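Structure, as structure tokens:
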Amino acid sequence: MSLRFFKPGYRSWVVIWIMAVLVLWEGIAWILQLFLSPQQAASRLPYLHDVLVALFRYSGTLAEQGAVTFGNAAIGFAGGTLLGLGLALLMSAAVWLERTLSPYVVSSQMVPIIGLAPIVYGIIHNAEWARIVMAAYVTFFPIIIHTLKGLKSAAPEHLELMRSYGASLTARYIKCLLPSALPGLFSGMKIAAPLAVTSSIVVELMGAPDGLGVLMVSSLYYGHAQVGMFWATIMLSIGIGLISYLAISLAERWLTPWQPEFRAKGGQAT
């Protein structure tokens, strides 16, 4: 992904779109108030300023429970990334291994998260480990696919040149294959990071004792009285996913400056 967001002109458009969405939110909430009772309207879409008030009012609880969800999701994400990277390296080194493992890797993603989460939680009987396992589960697949594609994108002439100089397999991976795989690895990480957070929340909806998912369920249970809390939890979940995505994008820009979108052009990075 290009980090055009950090260019002044692009930032202005992002701000305009965000402001437009916020105004639209307030407008729709106001229209609902005209046709429905205040309780019914708020249960469908509350005013944005009410949600922001709830974010501030329950900031302590949200921060505490958000840290639980994000912490377990981050551990699972890291584990899934290492697993996916390791499998991608093995599959790139041996064609027979790629052909053997590929059907199982693809088949592993055929089970919906909403169906697998209660099974994992029921087997493990530990909310923390269940969140970690589910986050790793949704992470390793995009990591494998995108990293393996990056490994295969290495220029054949570069590999042939290294072979002609007698470079070892380890040297070929370090000097040529891994740099070629880094853009793909980061693409997979940017896809997987928000999914890791979502999968952790799904586990919490199955009866975990803590986390953002628990706040969502409890807020729904109390209905109109906690509608602000419910929407504040959703906004915090979105924020965690976006921050994770942006952090990975910044790391990608720092570690892979040779990518075309990061090269200086006209005095500015594109």
Side-chain angles (χ1 to χ4, degrees), residues 1-70 73 112-114 117 138 187 190-206 208 210-250 253 261 268 270:
M1 171 192 172
S2 172
L3 292 184
R4 294 186 302 269
F5 173 77
F6 296 98
K7 294 178 65 177
Y10 192 77
R11 282 201 302 267
S12 63
W13 280 106
V14 171
V15 172
I16 291 173
W17 275 107
I18 292 176
M19 295 302 297
V21 170
L22 298 182
V23 171
L24 182 63
W25 182 336
E26 284 285 280
I28 294 176
W30 177 75
I31 292 173
L32 289 175
Q33 292 284 343
L34 297 178
F35 296 97
L36 301 172
S37 66
Q39 291 79 8
Q40 290 176 327
S43 64
R44 284 163 174 78
L45 185 67
Y47 281 115
L48 176 61
H49 62 266
D50 290 336
V51 177
L52 296 178
V53 169
L55 269 172
F56 178 77
R57 180 184 302 167
Y58 303 111
S59 58
T61 301
L62 290 169
E64 179 182 356
Q65 299 304 315
V68 172
T69 300
F70 177 74
I113 298 176
I114 193 68
V138 300
S187 295
K190 287 187 287 188
I191 294 172
L195 292 177
V197 176
T198 301
S199 64
S200 295
I201 293 175
V202 171
V203 172
E204 294 162 358
L205 296 176
M206 300 299 141
D210 50 13
L212 293 179
V214 176
L215 290 183
M216 291 182 184
V217 173
S218 62
S219 300
L220 288 174
Y221 178 80
Y222 287 105
H224 172 69
Q226 290 293 324
V227 67
M229 179 67 152
F230 175 77
W231 282 91
T233 305
I234 291 177
M235 291 189 68
L236 179 59
S237 303
I238 295 173
I240 292 174
L242 287 175
I243 291 172
S244 302
Y245 183 93
L246 290 175
I248 294 171
S249 296
L250 287 172
R253 184 185 180 95
E261 59 264 38
Q268 290 184 344
T270 59

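All values below were derived from every heavy atom in this structure, side-chain atoms included, with hydrogens, water molecules and symmetry-related copies excluded. Being a predicted model, the structure only gives us computed values, none of them experimental.
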**Request:** Find the distance between CD1 (Ile191) and OH (Tyr245) and round it off to the nearest 0.5 Å.
**Result:** 8.5 Å
**Nearest-0.5 Å distance that lies between atom CG in Asp210 and atom CG in Leu215** = 9.5 Å
**Request:** For the residue pair Leu246 and Lys190, establish whether any side-chain heavy-atom pair is separated by less than 4.5 Å.
**Result:** no
**Item:** From CE (Met229) to CD1 (Ile234), nearest 0.5 Å
**Value:** 12.0 Å
**Item:** Glu204 side chain vs Leu212 backbone, donor-acceptor pair below 3.5 Å
**Value:** yes
**Request:** Over all heavy atoms of both residues, which pair between Leu62 and Ala232 is shortest? Give the atoms and the distance, please.
**Result:** CD1-CB, 4.0 Å
**Message:** Check whether Glu26 reaches the backbone of Leu48 with its side chain - one donor and one acceptor, N or O, closer than 3.5 Å.
**Reply:** yes
**Message:** Tell me if a side-chain donor or acceptor on Ser199 pairs with a main-chain N or O of Ala196 at a distance below 3.5 Å.
**Reply:** yes
**Request:** Would you give the length of the straight line joining atom CG of Leu24 to atom CH2 of Trp17, rounded to the nearest 0.5 angstrom?
**Result:** 10.5 Å
**Closest contact, heavy atoms only, Ser237 versus Met216** = OG-CE, 3.5 Å
**Request:** Under the side-chain contact (heavy atoms from CB on, under 4.5 Å) rule, what do Ile113 and Val138 come out as? Steps first, then yes or no, please.
**Result:** CA-CA 8 Å; Ile113 298 176; Val138 300; 3.4 Å; yes
**Prompt:** Any chance the rings of Trp231 and Trp25 have centres within less than 6.0 Å?
**Reply:** yes
**Message:** Using 0.5 Å steps for rounding, measure from the CG atom of Asp50 to the CG atom of Leu55.
**Reply:** 11.5 Å
**Request:** Would you give the length of the straight line joining atom CG of Leu45 to atom CD of Gln33, rounded to the nearest 0.5 angstrom?
**Result:** 9.5 Å
**Asked** Is atom CZ of Phe70 surrounded by more than 12 heavy atoms (other residues, nucleotides or ligands) closer than 6.0 Å?
**Response** no
**Request:** Mind listing the closest non-hydrogen atom pair of Gln65 and Gly211 along with its distance?
**Result:** OE1-N, 2.6 Å
**Asked** Which atom pair, heavy atoms only, marks the closest approach of Ala29 to Pro46?
**Response** CB-O, 3.8 Å
**Message:** So which atom in Gly213 and which in Ile201 form the shortest heavy-atom distance, rounded to 0.1 Å?
**Reply:** CA-CG2, 4.0 Å
